[in-house]
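We count ligands from 1, going down the list as the structure has it; atoms in each ligand are counted the same way. These numbers come from the heavy atoms of this one structure, side chains and all, not from hydrogens, waters or symmetry mates. In this chain, numbering begins with 1 at the start of the sequence shown.
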Amino acid sequence: MSKVYDFKGNIKDNELEEIKNIINKGGVVVFPTETVYGIGADAKNKEAVEKIFIAKGRPQDNPLIVHISNYDMLKEFTCNISEIEKTLMDKFWPGPFTIILNSNGTLPLNVTAGLNTVGVRMPDNNIALSIIEKSNTPIAAPSANISGRPSGTNINDIFDELNNKVNAFVDGGETNIGIESTVVKVDKSVINILRPGKVSLEDIKALGFDVKLDKHVFADVKEGEKIESPGMKHKHYAPSVKTILLEYTEDESVMINTLKKYVKNNSDKNIGILCFDEHKELLKEYNVINIGSVNNVLEISSNIYTKLRSIENFDCDEWIIEGVSRTGIGTAIMNRLTRACSYNILK
Ligand code: TXA
Ligand code: MG
């Protein structure tokens, strides 16, 4: 069994030393960040990084995010950072923000999947920062889940799927934000959002920058199409049961009526509904699980992956998920749900 370190109350110095030793000897550790749990290894150690790909069953062409705890680490493996990139890092680090920078070519090829760029993030989580700082090396870490599955936001959700595949789990309780960081790439003076997150398009615009959502944030990649991020073409965040995303409308009766009509027209199926807290009572004759308040999208983001995992334990044929408004962090929630539902959208 993989070792579990309980850092929920506080970081224990002697155990942090053990975790540092695991990382420095080329081991793999699951650890919390403010977004989701990461499965991390020394970014400078090719064999250690290879173990992450094996544990996750991750496609080799999908590069990893490199996590740092200070700006000196950044200089070790990046080059030609622009003023705009500096401003963005200053503004959003530490935080749920990943920026694609020019790589100086020193990292092992499997970290960047052979690209000449590298995704970097300074997380806003004391446990993550302490592990990186103590290990004194940048840590490459994708989300902690088997590739294609919903990301892990607590140890309980991912223990079984990663047990014995990693050296240790560091338990920091539930992650705060619940969905992965915003990934951006600066293209001349335009900031292109490759993956939306808690740092929203509106947040970046408020700094006075030109910013856009990459066209693949909400559209599937077609055969032969050029993509900005390898992760865009892979299946993601999906539970093992069929799911359908219900488009948000401000008028709740429209959502409720669409739901009821769909269930009625599919009476041969046993359908479950992941709904807003406010709709639970209105839908009480159906199989429902609530996902948080429609007025508190942050609550929905922090719950969503656990809820997507929990529906696997019911014997429904399919689940409908109530979508949120595509603004602020709602854009990120809808990006994950669109993919989790394999672009099956109910309007
Ligand atoms: O919040 C997060 O970002 C979490 C925590 C653990 O930090 N990490 C995470 O990693 O979500 P992962 O591997 O699940 O997602 C990384 C995404 C992928 O879509 C990948 O394709 C993209 O970032 N990416 C990484 N390096 C890239 C690069 N050089 N160019 C374009 N996309 C890149
Ligand atoms: Mg992931």
Side-chain angles (χ1 to χ4, degrees), residues 28-41 43 49 52-53 55-69 77-78 92-105 107 109-125 127-129 131-132 138-153 158 161-162 170 172 175-187 192-199 214 216-217 221 226-238 301-302 305 329 332 335-336 339-340:
V28 178
V29 175
V30 170
F31 65 96
T33 79
E34 79 280 36
T35 57
V36 298
Y37 276 76
I39 170 169
V49 170
I52 300 175
F53 282 87
K56 280 192 63 127
R58 185 177 177 99
Q60 293 290 335
D61 66 350
N62 199 2
L64 308 182
I65 294 173
V66 177
H67 296 68
I68 58 171
S69 56
F77 59 90
T78 60
F92 297 119
W93 280 357
F97 183 79
T98 297
I99 184 161
I100 310 296
L101 299 171
N102 288 311
S103 150
N104 71 5
L107 287 174
L109 282 181
N110 53 2
V111 174
T112 57
L115 299 173
N116 54 15
T117 54
V118 56
V120 194
R121 166 162 124 81
M122 190 186 288
D124 186 15
N125 174 288
I127 300 175
L129 289 172
I131 294 173
I132 304 164
I139 292 186
S143 53
N145 52 274
I146 295 293
S147 269
R149 303 257 310 135
S151 303
T153 54
I158 47 177
E161 69 188 51
L162 294 174
V170 182
T175 60
N176 178 16
I177 296 170
I179 52 177
E180 308 82 350
S181 62
T182 308
V183 178
V184 306
K185 189 172 180 184
V186 180
D187 183 10
N192 191 15
I193 299 182
L194 307 184
R195 180 178 72 182
K198 167 92 189 312
V199 172
D214 191 86
H216 289 121
V217 165
V221 179
K226 181 181 181 287
I227 45 170
E228 288 297 333
S229 178
M232 289 169 166
K233 67 175 185 289
H234 297 295
K235 189 176 161 72
H236 268 309
Y237 323 116
S301 86
S302 68
Y305 285 133
I329 194 175
N335 162 263
R336 307 308 193 273
R339 292 167 148 253

Checklist entry - Do the non-hydrogen side-chain atoms of Pro123 and Thr35 ever get within less than 4.5 Å of each other? => result no
Item to check | Identity and separation of the nearest protein heavy atom to atom 19 (O) of ligand 1 | outcome: Gly231 CA, 3.5 Å
Checklist entry - When you measure from atom 4 (C) of ligand 1 to every protein heavy atom, which one gives the shortest distance, and what is it? => result Val36 CG2, 3.8 Å
Next on the checklist: Quick test of your reading of the structure: of Gly38, Pro59, Pro63, whose heavy atom lies closest to atom 24 (N) of ligand 1?
Outcome noted: Pro63
Item to check | Any side-chain heavy-atom pair of Arg58 and His234 under 4.5 Å | outcome: no
Checklist entry - Do Ile52 and Pro142 touch side chain to side chain, with heavy atoms closer than 4.5 Å? => result yes
Next on the checklist: Does any part of the side chain of Met122, heavy atoms only, come nearer than 4.5 Å to the side chain of Leu129, both counted from C-beta?
Outcome noted: yes
Checklist entry - To the nearest 0.1 Å, how far is atom 3 (O) of ligand 1 from its closest protein heavy atom, and which atom is that? => result Ser181 OG, 2.5 Å
Checklist entry - How about Leu109: does its CG atom have over 12 heavy atoms from other parts shown lying under 6.0 Å from it? => result no
Item to check | Around the Mg ion (ligand 2), number of protein N/O/S atoms which are nearer than 2.8 Å | outcome: 1
Next on the checklist: Taking the side chain as everything from C-beta on, heavy atoms only, tell me whether Ser181 gets closer than 4.5 Å to Arg195.
Outcome noted: yes
Item to check | Which of the ligand 1 atoms, numbered from 1, are nearer than 4.0 Å to a heavy atom of Ile100 | outcome: 27 (C), 28 (C), 29 (N), 30 (N), 31 (C), 32 (N), 33 (C)
Next on the checklist: Let me confirm one number: the OG-CG distance from Ser229 to Asp214, rounded to the nearest 0.5 Å.
Outcome noted: 8.5 Å
Item to check | Residue Arg121 vicinity, atoms of ligand 1 by number, heavy atom under 4.0 Å | outcome: 1 (O), 2 (C), 3 (O), 5 (C), 7 (O)
Checklist outcome for this item: Exactly one candidate in Asn176, Ile179, Thr153 meets side-chain contact (heavy atoms from CB on, under 4.5 Å) with Ser301; the answer is Ile179
Item to check | ligand 1 to Ile179 polar contact by distance, N or O atoms, under 3.5 Å | outcome: no
Checklist entry - Which atoms from ligand 1 have a heavy atom of Leu115 less than 4.0 Å away? => result 28 (C), 29 (N), 30 (N)
Item to check | Backbone or side-chain N or O of Glu180 under 3.5 Å from ligand 1 N or O | outcome: no
Checklist outcome for this item: The option among Ile65, Asn62, Val184 carrying the non-hydrogen atom nearest to atom 16 (C) of ligand 1 is Ile65
Item to check | Within 6.0 Å of NZ in Lys56, more than 12 heavy atoms from elsewhere | outcome: yes
Item to check | Ligand-residue contact atoms, ligand 1 with Thr117, heavy atoms, under 4.0 Å | outcome: 28 (C), 29 (N), 30 (N)
Checklist entry - Nearest heavy atom to atom 31 (C) of ligand 1: which of Glu228, Arg195, Arg58 does it belong to? => result Glu228
Item to check | Residue part near ligand 1, for Lys185, under 4.0 Å between non-hydrogen atoms | outcome: neither
Item to check | Beyond-backbone contact of Leu115 with Pro230, side-chain heavy atoms, under 4.5 angstrom | outcome: yes
Next on the checklist: Just to confirm my output: which protein heavy-atom neighbour is closest to atom 32 (N) of ligand 1, and how far is it?
Outcome noted: Ser229 OG, 2.9 Å
Checklist outcome for this item: ligand 1 to His67, heavy atom cutoff 4.0 Å, flagged ligand atoms 5 (C), 6 (C), 7 (O)
Item to check | Option nearest atom 14 (O) of ligand 1 (shortest heavy-atom distance, choices Ser151, Ser143, Pro96) | outcome: Ser143
Next on the checklist: Could you tell me if the side chain of Trp93 sits less than 4.5 Å from the side chain of Ile68, heavy atoms only?
Outcome noted: yes
Item to check | Check: His236 N/O within less than 3.5 Å of ligand 1 N/O | outcome: no
Checklist entry - Using 30° and 60° as the class limits, which term best fits the ring planes of His67 and Phe31: parallel, tilted or perpendicular? => result perpendicular
Item to check | salt_bridge(Glu180, Arg121) N-O dist < 4.0 Å | outcome: no
Checklist entry - Less than 4.5 Å apart, any side-chain heavy atom of Val217 and any of Pro196? => result yes
